[in-house]
Amino acid sequence: EDQVTQSPEALRLQEGESSSLNCSYTVSGLRGLFWYRQDPGKGPEFLFTLYSAGEEKEKERLKATLTKKESFLHITAPKPEDSATYLCAVQGELRGGGNKLTFGTGTQLKVEL
Amino acid sequence: GAGVSQTPSNKVTEKGKYVELRCDPISGHTALYWYRQSLGQGPEFLIYFQGTGAADDSGLPNDRFFAVRPEGSVSTLKIQRTERGDSAVYLCASSLTRGNEQFFGPGTRLTVL
């Protein structure tokens with residue numbers, strides 16, 4: 001069974017204070033690792049897909065990296081508008097045509113002035 | 001362009017009643033997914049449609065839950081004899097084909113009294 005563990009559960013940063021969020025996973029045949037951002041009362045918003053170890057992707061102040069066992073979401077010089085819950089999900093090998101994502105419980109990020 | 005839409009945004013019902021939740025995917029997306037998210041948790045997979053057929057319904061918790069997608073576009077999640085434990089946010093997502101990024105709607109918050 002695919003499993004995703006995210007840490008820390010919550011993180012409070014000062015504006016401009018860089019940090020990283022961790023996503024550890026176990027999956028049978030990784031087909032993709034996904035990062036989403038979720039604001040209160042809204043659906044998850046797609047950020048990145050990573051497919052193989054060593055891959056990196058960037059978007060504004062966010063950079064996602066992938067190894068064979070974990071992924072990191074690096075936040076450089078965060079701003080208050082980066083405050084949200086960040087969700088990590090994996091997509092494992094195809095079973096019976098399935099395509100589900102298995103999510104972690106998320107890291108709740110708060111960036112203060 | 002328009003994203004995934006879900007109606008209603010909120011639904012309050014009484015224990016034992018029947019409810020229907022609607023999802024309208026992004027135009028042209030052939031794959032459609034339903035997830036359920038409880039407070040403080042990540043989304044949990046329920047069912048996946050490729051076109052009109054349910055390709056993977058392994059996440060449906062029991063036979064009170066049923067979903068259809070008769071014309072390969074709009075989908076309806078149906079819950080019979082609702083229980084208080086069914087209270088959650090029900091999220092719908094769509095993707096161009098299986099394996100691509102999944103884009104989520106805003107969700108329907110279901111409260112069973």
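The chains referred to below are lettered A, B, ... by the order of the sequence lines, with proteins before strands, and numbering in each begins at 1.
Less than 6.0 angstrom separates the ring centroid of B/F104 from the ring centroid of A/Y36.
In this structure, A/L101 CG and B/Y35 OH are separated by 3.5 Å, a value rounded to the nearest 0.5 Å. Considering CG of B/L46 and NZ of A/K100, their distance stands at 10.5 Å, rounded to 0.5 Å.
Within 6.0 Å of the CG atom in B/L113, the count of heavy atoms belonging to other residues, nucleotides or ligands exceeds 12. In this structure, A/E81 places its CD atom where more than 12 heavy-atom neighbours from other residues, nucleotides or ligands lie under 6.0 Å away. The environment of CD in A/Q108 is sparse: at most 12 heavy-atom neighbours from other residues, nucleotides or ligands sit within 6.0 Å. When the shell of 6.0 Å around CZ of A/R12 is examined, it contains 12 or fewer heavy atoms from other residues, nucleotides or ligands. Atom CD of A/E112 is surrounded by more than 12 heavy atoms from other residues, nucleotides or ligands within 6.0 Å.
In this structure, chain A has heavy atoms under 4.5 Å from both the backbone and the side chain of B/Q102. Residue contact with chain B, scored on non-hydrogen atoms closer than 4.5 Å, involves the side chain of A/Q38 exclusively.
Note on A/L21: it clusters hydrophobically with A/L66, by side-chain heavy-atom contacts below 4.5 Å among ILVMFWY residues.
Side-chain contact between A/F34 and B/E101 is present, with heavy atoms from C-beta onward closer than 4.5 Å.
Smallest separation of non-hydrogen atoms from B/D56 and A/N99: OD2-N, 4.4 Å. Contact detail for B/L91 and A/P44: the closest heavy-atom pair is CD1-CD, 3.9 Å. Heavy atoms only, all atoms of each residue included: B/P43 and A/L87 are closest at CD-CD1, 4.0 Å.
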Side chain to side chain donor-acceptor pair (under 3.5 Å) evaluation trace for B/Q41 with A/T105 | CA-CA 5 Å; B/Q41 302 297 312; A/T105 54; 5.8 Å; no
